[in-house]
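The next block holds one structure in the form of structure tokens; read it before the comments.
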Amino acid sequence: MPEGDSLHRAARRLQVLVGERVEVETPHPRAAVKGLAERLDGRRLERVDAVGKNLLLHFEGGLVLRSHLRMNGRWRVERRGTARAGKPWLVLRGTEQEAVLWNGAVLELVGSRGAPRLGPDILGEPPDYETMLARLRVDPEREVGDALLDQRLVAGIGNLWKAEALWEARVSPWRRLADVQEAELRAVLEAAHTRMRASVEGGRPSRHVYRRASRACPRCGSVVRSAPQGENARTAYWCPGCQVGGNAPPS
Ligand SMILES: [Zn+2]
């Protein structure tokens, strides 16, 4: 699944088309039925923003196209007229470059005020930690590892950075929010922000627990564990030696 940082990189690549009137095509039949080409063709692309896991493309006239990449979606920017096999969901063609969306998943017009209800972006500069903390406090019974993936509370954190941020702050994903101190929760959010920002800037921050089950924790040497968590059964990775507490499943 694309994380928020890969969305920000896509938004950055798409900046080459900002200010241009674009020709719009929807070659894929599932995209063609949405009538997007008819409504967007010839409009000026005014702005491209990454908001959490969504890319919002603002066109003149107050039209906003929301693209959510889900598992396989991918934006590419190529020279205008580049030959390609297959049917992309969307092509935005400028005078020199064109942006191509493959495997669209979610592609819809949301209108200038109809943006999806998302929590503050973890990649915000600066991030709105106060609002994030307030939203995370709404359901104190929820486990912190599960809540961090809820895009309505905090937008942009995926499973990888969730695991790494919790490890860095020494917080077990299995603790209920009611049992997590404000300072601890803030440290988790700050760790996620710092690491994801570094990734946007092209760094490759090292992983300590994510997909490292059964290996030694680089901090304390305990064996890293993994288990499904939450309604969507996303895999949590944690070190039982230095991320203690909460209702962790028996090993
Ligand atoms: Zn450890």
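Remember, it's 1-based here, ligands and their atoms both numbered in the order they're listed. In this chain, residues are counted from 1 in sequence order.
At a threshold of 4.0 Å, the pair Lys162-Glu168 does not count as salt-bridged, since none of the basic side-chain nitrogens sits closer than that to a carboxylate oxygen. Between Arg43 and Glu60 there is no salt bridge, since no side-chain nitrogen of the basic residue lies less than 4.0 Å from a carboxylate oxygen of the acidic one.
For the Zn ion (ligand 1), the nearby protein N/O/S atoms, meaning those under 2.8 Å, are Cys217 SG, Cys220 SG, Cys239 SG, Cys242 SG.
A side-chain donor from one of Gln229 and Glu143 sits under 3.5 Å from a side-chain acceptor of the other.
Considering only residues two or more places apart in sequence or on other chains, Trp75 meets the ring-ring contact (aromatic ring centres under 6.0 Å, His included) condition with none of them.
Atoms CG and CD, on Leu17 and Glu98 in that order, are 9.0 Å from each other to the nearest 0.5 Å.
Counting only heavy atoms from C-beta outward, the side chains of Leu56 and Leu65 never approach each other to under 4.5 Å.
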